[in-house]
Amino acid sequence: MAAEIISGTELARTIRAEVKKGVEELEKAVGEPPGLATILVGDNPASQSYVKMKQRAAQEVGMYSRQIDLEVDVTEDELLGWIEGLNADPAVHGILVQLPLPDHIHKPRILEAVHPAKDVDGFHPINVGRLNVGHPEVLVPCTPLGIAELLVRSGVETRGQHAVVIGRSNIVGKPMSALLLGLGRGGNATVTVTHLLTRNLAEHTRMADILIVAAGHPHLVTAGMVKPGAVVIDVGVNRVEDSTRERGYRITGDVDFEAVREVASAITPVPGGVGPMTIAMLLSNTLKAARALGVPVA
Ligand code: NAD
């Protein structure tokens, strides 16, 4: 029997509606909406389109939004100056520096400059540490947070299950494994993390009750690599040539969707799976940051 399709698009819509309600309530309580600022360096078309989507999503839920566009040759000190300004701006509760940054900018220095309480991408080492120790005042990276939410709200039990993660990036793989291993929502699993140097990848993936694939490699996961009945979450976003499309390419995930859906019990599509959840969780993180920062002083 073909797997159930887990729709991130639908769930993201629900979460955005919940965030919108939270924004209205917070604005009523403190007199101002949560604010999200995005910084874009250079003119990478993909980054421009991501930032535009994030800004539009913030506006749609009633947040104040601010976009800062900087030239590709902006100096590191200038960029740090902008971040300092936003750290001090009371109308801004969430700051996102769109990645990738140009090579002349030292990424860790920039990520560490964002105030941890406004770090809605969850990349500051304080938030990374808090995620790993299970601290409640943490901002968790949006993509893994969205996946945990997808699993919980789709009724997928993670407790005691064997979760296998493909990929060990700071953006997806590592925080995903920390969430699965932790005690919170979507946690309490037994976790295996695999990567490019893992030997016999299929031996690991075939043991997974829940398989999270974040490699950036189209069709990496085939049906033979999946245990019958497993839940498969495809994080990959890959452009593959497609002459039947006007634009000459299509977007595909890391999983051979058509074949794997015949083996799995549930699977996320690409597009329409993890992607929409990432933006929904950015809004959710911004609301969380505003709630924590915006409590009026009695
Ligand atoms: P990354 O390149 O930083 O990391 C990829 C990881 O996968 C690495 O740890 C690497 O060791 C591992 N890997 C690569 N090829 C492998 C293979 N053949 N076998 C086993 N492991 C392999 O990428 P990332 O930022 O973690 O993103 C991963 C994918 O997820 C990309 O396609 C990216 O576009 C996508 N992504 C999607 C969203 C979303 O919102 N939908 C968000 C972030 C990333």
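Counting starts at 1 for both ligands and their atoms, in listed order.
Atom-to-atom distance recorded for Thr268:OG1 and Leu11:CG is 12.0 Å, nearest 0.5 angstrom. To the nearest 0.5 Å, the span separating CD1 on Ile233 from CG on Leu150 amounts to 5.5 Å. Atom OG1 in Thr252 sits 4.0 Å away from atom NE2 in His219 (nearest 0.5 Å).
Between Ile147 and Met277 there is no side-chain heavy-atom pair separated by less than 4.5 Å.
Which of Ile251, Ile279, Leu196 comes nearest to atom 22 (C) of ligand 1 through a heavy atom is settled by distance: it is Leu196. Heavy-atom proximity to atom 1 (P) of ligand 1, evaluated over Pro175, Pro141, Pro100, Ser169, is greatest for Ser169. Nearest to atom 32 (O) of ligand 1 by heavy atom, out of Thr198, Val237, Asp234, is Val237. Of the listed options Val213, Val235, Thr143, Val235 places a heavy atom closest to atom 37 (C) of ligand 1.
Under a 4.0 Å heavy-atom criterion, Gly173 is not in contact with ligand 1.
Below 3.5 Å of separation, one finds no N or O of Thr194 facing any N or O of ligand 1. Not one N or O of Ile171 is nearer than 3.5 Å to an N or O of ligand 1, by distance alone. Here's the thing with Val172: none of its N/O atoms is less than 3.5 angstrom from an N/O atom of ligand 1. Taking only nitrogen or oxygen atoms, main chain and side chain alike, Asp254 does not reach within less than 3.5 Å of ligand 1.
Here the side chain of Lys118 pairs no donor or acceptor atom with the backbone of Ile95 at under 3.5 angstrom. The backbone N or O of Val260 sits nowhere less than 3.5 Å from a side-chain atom of Asp256 that would complete a donor-acceptor pair.
Closest to atom 31 (C) of ligand 1, if we only count protein heavy atoms, is Gly216 CA, 3.6 Å. Among protein heavy atoms, the minimum distance from atom 5 (C) of ligand 1 is reached at Ala215 O, 3.6 Å. Nearest protein neighbour of atom 9 (O) of ligand 1, counting heavy atoms only, is Arg168 N, 2.9 Å. When hydrogens are left out, the protein atom nearest atom 18 (N) of ligand 1 is Leu220 CD1, 3.5 Å; that is the closest non-hydrogen contact.
The existence of a salt bridge linking Glu18 and Arg153 is confirmed by a sub-4.0 Å separation between a basic side-chain nitrogen and an acidic carboxylate oxygen. Salt-bridge formation is not detected for the pair Arg247/Asp242: no Lys NZ or Arg NE/NH1/NH2 atom is positioned less than 4.0 Å from an Asp or Glu carboxylate oxygen. With respect to the salt-bridge test (charged N to carboxylate O, under 4.0 angstrom), the residues Glu25 and Lys21 qualify. A salt bridge between Arg109 and Asp77 is present, with a side-chain N of the basic residue lying under 4.0 Å from a carboxylate O of the acidic one.
Here Thr278 has side-chain heavy atoms under 4.0 Å from ligand 1, and that is the only part of it that gets that close. Contacts between His217 and ligand 1 below 4.0 angstrom, taking non-hydrogen atoms only, involve the side chain exclusively.
In the vicinity of His195, heavy-atom distances shorter than 4.0 Å reach the ligand 1 atoms 11 (O), 20 (C), 21 (N), 22 (C). In summary, the atoms of ligand 1 found under 4.0 Å from a heavy atom of Ala214, numbered by their order in the structure, are 5 (C), 6 (C), 7 (O), 28 (C).
Residue Glu32 places its CD atom among more than 12 non-hydrogen atoms of other residues, nucleotides or ligands, all under 6.0 Å distant.
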